[in-house]
Amino acid sequence: MPRTLEGQITMEKTPSYFVTKEAPARISSMCKGTKLIVVVRDPVTRAISDYTQTLSKKPDIPTFESLTFKNRTTGLIDTSWSAIQIGIYAKHLENWLLHFPLGQILFVSGERLISDPAGELGRVQDFLGLKRIITDKHFYFNKTKGFPCLKKAEGSSKPHCLGKTKGRTHPDIDQEVVQRLRDFYRPFNMKFYQMTGQDFGWD
């Protein structure tokens with residue numbers, strides 16, 4: 001980590017930290033006062049998005065449906081598949097709560113980050129003890145991408161939108177499989193809502 005001067009905040013972003021077993025203890029031993037921000041989204045959508053990203057790099061991988069189940073006939077979900085495992089947020093959070101109090105963790109809704117980016121970033125700024133500088137006026141919605149864009153990136157006159165690897169069209173997934181996954185995640189989601197004190201509205 002770079003040296004941080006008085007009045008500065010050093011930020012580091014690695015999505016895999018949340019699901020890496022060793023990460024909470026290591027980060028805690030480095031700095032117990034670290035504030036953590038976790039962006040979460042509907043775990044079913046997240047799993048399909050994960051698969052879509054892999055598919056773009058390896059077009060010959062098996063179908064989403066075949067990877068989802070250990071046994072399709074019995075409907076047993078394969079929780080060893082990382083695309084499924086990552087979305088069991090309650091399990092990962094339990095590991096973090098052994099090392100950090102809940103008050104040092106902010107959970108950002110991936111859905112609200114799209115529908116109300118300024119509102120969610122307002123929560124982030126409050127959490128970090130920063131003045132609310134980023135507001136609605138800094139965003140516009142890009143209909144092609146389906147995501148909000150920053151009107152003007154710092155030091156540039158150009159708007160800043162997510163790169164071409166974001167906002168890919170998801171493949172059509174068998175609705176029966178989607179429903180089976182929703183049923184699978186529901187108890188984990190409920191536990192996550194209880195643990196965080198936030199209802200993310202996934203079903």
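Heads up: numbering here begins at 1 and tracks the sequence.
Residues satisfying the ring-ring contact (aromatic ring centres under 6.0 Å, His included) criterion with Tyr89, sequence neighbours excluded, are Phe192, Trp202. Contacts of His99 classified as ring-ring contact (aromatic ring centres under 6.0 Å, His included), with partners at least two apart in sequence or in another chain: none.
With rounding to the nearest 0.5 angstrom, the CG atom of Asn189 is 10.0 Å from the CZ atom of Phe184. How far CZ of Phe18 is from CD1 of Ile37: 13.5 Å, rounded to the nearest 0.5 Å. Distance CG/Leu36 to OH/Tyr17: 11.0 Å, rounded to 0.5 Å. Once rounded to the nearest 0.5 Å, the distance linking OG of Ser56 with CD of Gln53 reads 6.0 Å. Rounding to the nearest 0.5 Å places CG of Leu97 at 5.0 Å from CE of Met195. To the nearest 0.5 Å, the span separating CG on Leu181 from CD1 on Ile173 amounts to 9.5 Å.
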Could you walk me through whether Phe139 and Cys149 pass the side-chain contact (heavy atoms from CB on, under 4.5 Å) test, one step at a time?
CA-CA 6 Å; Phe139 296 96; Cys149 299; over 6 Å; no
Would Lys58 and Asp60 satisfy side-chain contact (heavy atoms from CB on, under 4.5 Å), going step by step from the backbone distance to the final call?
CA-CA 6 Å; Lys58 300 176 185 171; Asp60 54 346; 4.0 Å; yes
Arg123 vs Glu120, salt bridge (Lys or Arg N to Asp or Glu O under 4.0 Å): CA-CA, chis, key distance, verdict:
CA-CA 5 Å; Arg123 292 178 62 238; Glu120 282 301 277; 3.1 Å; yes
Would you please test Trp81 and Phe64 for ring-ring contact (aromatic ring centres under 6.0 Å, His included) and show each step?
CA-CA 11 Å; Trp81 183 30; Phe64 179 86; 5.5 Å; yes
Take Glu94 and Lys191, measure what salt bridge (Lys or Arg N to Asp or Glu O under 4.0 Å) needs, and give me the verdict at the end.
CA-CA 11 Å; Glu94 277 174 348; Lys191 188 176 179 188; 2.4 Å; yes
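A cation-pi arrangement is found for Lys35 relative to Phe127, the charged atom lying closer than 6.0 Å to the ring centre and inside a 45° cone about the ring normal.
Heavy atoms only, all atoms of each residue included: Ala83 and Tyr185 are closest at O-OH, 3.9 Å. Contact detail for Pro62 and Leu67: the closest heavy-atom pair is O-CD1, 3.7 Å. Across every non-hydrogen atom of Tyr193 and Gly201, the tightest pair is OH-N, 3.4 Å. Residues Arg182 and Asp203 share a closest heavy-atom pair of CD-O, 2.6 Å.
A donor-acceptor pair is defined here as one N or O able to donate and one able to accept, closer than 3.5 Å; no such pair exists between the side chain of Glu111 and the backbone of Arg41. Using a distance-only test at 3.5 Å, with no hydrogens or angles considered, a donor-acceptor pair links the side chain of Asn95 to the main chain of Lys21. With hydrogens and angles disregarded, a donor-acceptor distance shorter than 3.5 Å links the side chain of Gln85 to the backbone of Thr79. The closest donor-acceptor contact from the side chain of Thr54 to the backbone of Asp50 lies under 3.5 Å. A donor-acceptor contact shorter than 3.5 Å is absent between the side chain of Thr20 and the backbone of Ala23. Remark: side-chain polar atoms of Thr196 are paired, donor with acceptor, to backbone N or O of Gln198 under 3.5 angstrom.
Between Asp42 and Arg46 no salt bridge is recorded (no basic side-chain N to carboxylate O distance below 4.0 Å). At a threshold of 4.0 Å, the pair Arg132-Asp126 counts as salt-bridged, since one of the basic side-chain nitrogens sits closer than that to a carboxylate oxygen. Remark: Arg186 engages Asp183 in a salt bridge, criterion side-chain N to carboxylate O under 4.0 Å.
Side-chain contact check for Ser49 and Thr52: no donor-acceptor pair (N or O, by modelled atom type) lies under 3.5 Å. Checking Thr14 against Glu12 by side-chain atom types alone, a donor-acceptor pair falls below 3.5 Å.
Both Ile86 and Val40 belong to a common hydrophobic cluster when Ile, Leu, Val, Met, Phe, Trp and Tyr are linked at side-chain heavy-atom distances under 4.5 angstrom.
Among pairs with a residue in residues 67-82, those fulfilling salt bridge (Lys or Arg N to Asp or Glu O under 4.0 Å) read Arg72-Asp174, at least two apart in sequence or across chains.
Atom CD of Glu176 is surrounded by 12 or fewer heavy atoms from other residues, nucleotides or ligands within 6.0 Å. Atom CG of Asn71 sits in a crowded spot, with more than 12 heavy atoms from other residues, nucleotides or ligands closer than 6.0 Å.
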